[in-house]
Amino acid sequence: MREINIYTSFFIMIIALAICIGSLKLSIYTPRGPGPGFMSFGTGGILFLLSFHLFLKSLFSRTEGGAKDAYPKNIKTTSLILSALMFYALFLEKLGFILDSFLVFSFLFAISRTMKWYASIACSLSLALGSYVLFSVFLGIGLPRGMLNFFR
Amino acid sequence: MRRRFMKAVWLILAVIIVTLTNIDAKAAEEFPNRPIEFVVCYPPGGGADLSARIILPEVEKHIGAPIYITNKAGGEGTVGVSYALNKKPDGYTLFGLHQSSTFVGRVFGQLPYDFNEIYPISNWIDNLNIFAAKPNSPLKMFKDLLEYARQNPGKLKYGVPSKRTSQGIGAELLLSDARLDIVAVPFKGSGPTMTALLGGHVDLASIPYAMAKPHIQAGSVRALVVFGKKRVEELPDVPTAVELGYEEAPLAIAGAGVSAKVPQDRIEKLNRAFEKAMKDPKVLDQLRKAGFDPVYMDQGAFKKHILEGVEKVNRIKDRLKD
Amino acid sequence: MWESILLGFSVVLQPINLLLCFVGVLIGTLIGVLPGLGPGATIALLFPVTLGMAPTSAIILLAGIFYGAQYGGSTTSILVNIPGEAASVVTCLDGHRMALQGRAGPALGIAALGSFVAGTVSVVGLMVLAVPLSSFALRFGPPEYFGLLTLGMTLVVYLAQKSVQKALISALLGIFISQVGIDQISSAQRFTFGLGELFDGISMVPLVMGLFGLGEVLLSLERGISKISVITHVKNLLPNLQDWKDSTWPVIRGSVLGFFLGVLPGGGPTLSSFASYGLEKRLSKRPERFGNGAIEGVAGPEAANNSATGGSFVPLLTLGVPTNVVMALLFSALMVHGVQPGPLLIKQYPDVFWGLIISMYLGNAILLVLNLPLITIWIKLLKIPYGILFPLIIMFTLIGAYSERGLAFDVFVMIVFGVVGYLMRKCEYEPAPLVLGFVLGDILEESLRRSLIMSDGSVFIFFERPISAAFLIFAMLLLISNSIPLLKERLKTLEKVEII
């Protein structure tokens with residue numbers, strides 16, 4: 001954990017500084033009391049102090065905790081899933097909910113490799129259609145129709 | 001096996017895209033021949049959403065095509081408008097218009113689209129807003145308020161649901177005309193503003209009449225002045241800002257718009273459908289009962305109203321700034 | 001009083017009202033179980049339908065959807081660590097841990113039964129205390145909220161499982177995130193980068209779903225996609241005797257606390273579950289169990305969450321002030337039928353008031369009967385292989401994130417917070433304090449600034465008013481009492497170092 005703490009606290013210190021600098025652009029104190037930047041400036045300041053303290057503490061700590069766990073594993077699967085989700089968000093409005101969900105779920109089922117390909121296609125198709133009916137028709141949540149905008 | 005699977009996915013995608021582009025090409029004959037999308041620019045369940053849900057079923061009957069609602073909230077009502085304007089200007093996408101997505105947003109430069117790209121079709125509702133005080137306060141009438149505020153500048157505080165709402169604009173316009181120094185305490189929405197007044201945490205409040213009505217009846221709140229030029233039926237003794245010699249506050253906006261690039265004949269069709277719906281006494285009655293104050297404005301009046309709003313808000317721009 | 005209750009029963013026991021009550025809570029249960037969906041969209045959809053009904057029937061149906069939706073909110077938190085709203089975040093902490101230990105059944109059972117008790121408490125509270133409570137709620141102006149929320153912020157200490165310092169860092173990040181968007185008071189844009197989607201701030205649902213739901217999925221997938229389910233053994237379906245003993249008082253305390261906080265609009269209802277968690281951890285003899293599957297950590301907050309729902313009816317029914325979107329819809333639903341909610345409602349329309357309250361009692365009973373058998377079904381869901389389960393979890397988070405505002409942008413927000421949640425877990429920063437900071441941050445800030453506008457900049461306003469002064473002093477005492485053990489420990493380690 002020591003090494004990880006050094007990195008993360010340093011990273012948070014930078015974020016805290018950025019928050020403070022960003023708050024300076026807003027007025028921090030006005031004649032009528034605190035301005036819009038007051039809270040974020042204060043938050044950034046305390047955040048900086050706390051993370052700086054954590055940084056020093058971990059830098060000088062002698063305990064070499066095990067925790068190799070903290071480094072990401074299986075990055076390939078994770079990034080594949082994340083990029084599938086990015087694709088989903090990007091094309092949700094253009095393709096419409098049904099099509100987009102179908103594609104992404106087929107992909108997710110494909111990388112999970114738990115079903116035969118025809119089973120996973122059938123599964124994602126029924127998932128996409130079923131959830132559209134449930135959410136959009138019964139519960140009134142407007143899901144995007146995208147290119148399938150010819151039926152009611 | 002996985003390869004074959006991915007191949008199948010791509011194949012299906014290609015087929016769907018080809019068929020869909022074909023459908024799109026032959027769709028433009030008689031307007032409207034497919035469902036029309038109405039973009040409500042606030043989350044489901046709010047006032048903007050509710051009024052649209054009351055009016056649109058009636059419009060649907062007159063236009064001859066189903067209208068479905070999508071909610072695109074964000075950007076104080078501007079995200080939905082830019083979403084709609086980014087679609088093909090074929091008249092199949094309408095959107096809700098509000099102050100912040102028209103004149104207020106224009107004055108403060110917060111519109112992510114060109115102001116002239118909006119074609120206002122019709123306005124539906126106006127908010128009757130009032131300045132109210134607690135009955136036990138020494139401010140019994142507007143005159144008392146004038147006197148007290150002139151002698152004690154900056155001492156009185158009034159609650160308001162954010163300064164850039166119709167309540168805030170109405171109040172600030174009046175205060176600027178009357179040269180009064182009353183400090184605004186912005187709350188989150190009209191509910192909390194109302195409770196702050198009832199609890200005596202502010203001296204005055206600028207609130208929608210619908211919210212104050214039960215308390216005026218129960219005698220726990222007193223109305224001092226109505227922003228606007230029309231008196232409230234149930235409050236015959238309360239003067240309006242116009243009667244007192246001040247300018248009329250710009251009305252609140254909740255209406256429909258469409259992209260200005262839509263062909264004129266289609267806009268005409270939409271116009272007529274909205275006009276018929278808004279003249280239906282049943283719709284007006286339901287709106288009134290749901291706490292709205294229906295007002296029908298056709299495209300011309302609506303456009304003029306928005307431009308007037310720009311001018312009025314511009315005048316008090318500095319007061320709405322901090 | 002008894003006459004009024006009888007009147008209420010005579011209204012509710014009409015077949016049509018009974019049916020509507022049942023339909024309402026059924027729809028509500030469905031919405032509640034599906035994470036991230038609020039009842040707003042469905043109520044708005046049904047609103048035109050209610051125009052043709054009698055006012056009492058309309059409000060019985062719509063209110064049923066509302067409190068029914070709060071009931072099942074814990075299900076996905078416990079089963080798959082997806083909270084649908086801020087209040088369920090607390091349930092995730094111990095509830096999901098219980099599920100991983102094979103005790104999903106008791107967790108779900110205690111959540112349902114706790115909610116039932118809480119529902120009953122809040123109905124009784126509404127009957128007896130509605131009117132006096134409304135004047136209590138009115139005494140809460142900006143300074144009082146500031147005091148209450150400052151006290152609420154001290155709960156961060158109780159959400160910390162390992163390092164208080166890291167919990168504080170997490171909470172501060174949450175406060176910062178709450179500042180994004182157009183400032184309510186000055187209308188200035190803060191950290192929006194000109195993006196319209198950020199004007200109204202970052203939405204709650206994508207944030208919690210990313211931090212918890214997606215973050216957890218990414219963490220689990222690290223171990224590789226297995227063909228087996230995560231939870232292989234399920235011990236028992238219902239809470240055992242020890243569970244009952246452990247949860248009785250937390251449920252009662254949570255119900256009372258939740259009801260009172262629920263009356264306060266703006267922060268009250270969300271604060272209630274966090275407050276109950278903090279209270280139980282503080283009172284517990286073995287606080288180290290919290291975060292490792294303590295049943296009190298599910299029972300208390302779930303009860304608090306549910307009775308807060310009952311409490312939130314108080315401002316609507318006695319003051320005519322709707323405090324959230326759903327209350328605004330109920331307000332309109334009553335108005336459409338010529339029933340004006342407000343101080344005169346109870347006198348002018350006793351049938352509406354008492355009919356609603358008795359229907360809430362009945363609805364709670366129906367919900368219990370509906371939910372208990374469902375538990376067996378939910379537990380079977382856990383036996384689905386993770387390779388099939390995780391795309392389903394992802395689907396729920398995607399729809400939930402999208403549905404609140406209808407923006408694809410919020411799906412991106414969810415993905416970003418999913419990555420953040422994953423990394424935070426890896427680096428042992430807890431996400432729960434971040435949510436607390438996010439929920440309370442902007443209300444805290446606004447109440448501070450409002451108070452100072454009211455007092456022309458003088459901070460004495462917080463100490464002149466008894467309620468806010470009491471809260472602030474209490475918060476101070478709590479902080480001191482919590483730091484004493486820490487200081488003692490520090491002294492001990494220092495001594496040790498010297499000896500070495």
Side-chain angles (χ1 to χ4, degrees), chain B residues 39-40 42-47 49-50 53-54 57 69-76 78-80 82-83 108 110 112 154-155 157 162-164 183-192 194-196 198-202 210-211 213-215 217-220 286 289-292 320-322, chain C residues 38-45 47-48 51 137-143 182 184-189 194-200 265-266 315 319-329 331-333 335-338 340-345 404-407 409 443 446 450 453-454 456:
Chain B
V39 183
V40 169
Y42 286 92
D49 182 67
L50 196 60
R53 279 176 207 272
I54 295 175
I69 291 177
T70 19
N71 295 84
K72 301 265 171 229
E76 299 194 314
T78 58
V79 168
S82 31
Y83 161 84
F108 293 101
Q110 280 179 354
K155 196 166 175 213
K157 312 279 186 300
S162 159
K163 275 190 181 176
R164 295 187 187 174
V183 182
V185 187
F187 286 85
K188 209 169 204 152
S190 44
M194 188 70 216
T195 37
L198 288 171
H201 305 290
V202 286
M211 184 77 68
K213 194 168 142 191
H215 292 280
Q217 282 166 355
S220 44
Q286 281 181 354
K289 279 183 172 167
F292 301 109
L320 301 182
K321 239 178 190 166
D322 93 298
Chain C
T42 311
I43 295 185
L45 184 80
F47 187 81
L51 291 178
L138 285 181
R139 293 188 62 184
F140 270 73
I182 289 185
Q184 197 75 30
I185 292 175
S186 70
S187 304
Q189 286 190 27
L195 284 173
E197 286 87 345
L198 285 177
F199 281 9
D200 303 334
L319 298 172
V321 176
T323 49
N324 58 39
V325 174
V326 179
M327 288 298 150
L329 278 164
F331 181 84
S332 304
M335 292 272 288
V336 169
H337 293 96
Q340 172 81 58
L344 303 176
L345 176 89
E404 196 190 10
R405 300 199 295 169
L407 298 182
F409 179 84
I443 337 177
E446 282 167 15
R450 262 177 220 135
I453 296 177
M454 282 167 59
D456 295 312

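The chains referred to below are lettered A, B, ... by the order of the sequence lines, with proteins before strands, and numbering in each begins at 1. All figures in this text were calculated on a predicted structure; none of them were measured in a lab.
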J.: With respect to chain B, which residue among C:Gly196, C:Ala137, C:Gly342 yields the maximal number of heavy-atom pairs within a distance under 4.5 Å?
T.: C:Gly196

J.: Select one option (side chain, backbone, both, neither) describing which atoms of B:Thr70 are under 4.5 Å from chain C's heavy atoms.
T.: neither

J.: Where does C:Ile182 contact chain B at under 4.5 Å (heavy atoms): side chain, backbone, both or neither?
T.: side chain

J.: What I'd like to find out is whether the side chain of B:Asn71 reaches to under 4.5 Å of the side chain of C:Arg405, using heavy atoms alone.
T.: no

J.: Is C:Pro322 close to B:Met211 at the side-chain level, that is, under 4.5 Å between some pair of heavy atoms?
T.: yes

J.: Which atoms of C:Ala188 come close to chain B, meaning under 4.5 Å heavy atom to heavy atom: side chain ones, backbone ones, both, or neither?
T.: neither

J.: For the interface with chain C, which of B:Gly199, B:Pro44, B:Ala290, B:Pro186 has the highest count of heavy-atom pairs at distances below 4.5 Å?
T.: B:Pro186

J.: Check whether any side-chain heavy atom of C:Pro142 lies under 4.5 Å from a side-chain heavy atom of B:Phe187, and answer yes or no.
T.: yes

J.: For C:Pro315, which atoms come within 4.5 Å of any heavy atom of chain B: side chain, backbone, both, or neither?
T.: neither

J.: Contact part of C:Phe409 toward chain B, heavy-atom cut-off under 4.5 Å: side chain, backbone, both or neither?
T.: neither

J.: Less than 4.5 Å to any heavy atom of chain C: does that hold for the side chain of B:Leu198, its backbone, both, or neither?
T.: both

J.: Which atoms of B:Phe108 come close to chain C, meaning under 4.5 Å heavy atom to heavy atom: side chain ones, backbone ones, both, or neither?
T.: neither

J.: Taking side chain as everything from C-beta outward and backbone as N, CA, C, O, which of these in C:Gln340 sits under 4.5 Å from a heavy atom of chain B? Side chain, backbone, both or neither.
T.: side chain

J.: Does C:Pro343 reach the side chain of B:His215, with side-chain heavy atoms less than 4.5 Å apart?
T.: yes

J.: Say you draw a straight line from CD of C:Gln184 to NZ of B:Lys188; how long is it, rounded to the nearest 0.5 Å?
T.: 5.0 Å

J.: Below 4.5 Å from any heavy atom of chain B, which atoms of C:Gln189 appear? Answer side chain, backbone, both or neither.
T.: side chain

J.: Which atoms of B:Ala196 come close to chain C, meaning under 4.5 Å heavy atom to heavy atom: side chain ones, backbone ones, both, or neither?
T.: neither

J.: At a 4.5 Å cut-off on heavy atoms, which part of C:Arg450 comes close to chain B: side chain, backbone, both, or neither?
T.: both

J.: Please flag which part of C:Glu446 lies under 4.5 Å from any non-hydrogen atom of chain B: side chain, backbone, both or neither.
T.: side chain

J.: Name the member of B:Asp49, B:Val39, B:Ile54, B:Leu50 that forms the most heavy-atom pairs with chain C at distances under 4.5 Å.
T.: B:Leu50

J.: Measure distances from C:Leu319 to the heavy atoms of chain B and classify the residue's part below 4.5 Å as side chain, backbone, both or neither.
T.: both

J.: Name the option with the most non-hydrogen atom pairs under 4.5 Å to chain B; the candidates are C:Leu329, C:Leu344, C:Val325, C:Thr42.
T.: C:Leu329

J.: Does C:Asp456 form a side-chain contact (heavy atoms from CB on, under 4.5 Å) with B:Lys155? I'd like the steps, not just the answer.
T.: CA-CA 9 Å; C:Asp456 295 312; B:Lys155 196 166 175 213; over 6 Å; no

J.: Can you tell which part of B:Lys72 gets under 4.5 Å to a heavy atom of chain C, answering side chain, backbone, both or neither?
T.: both

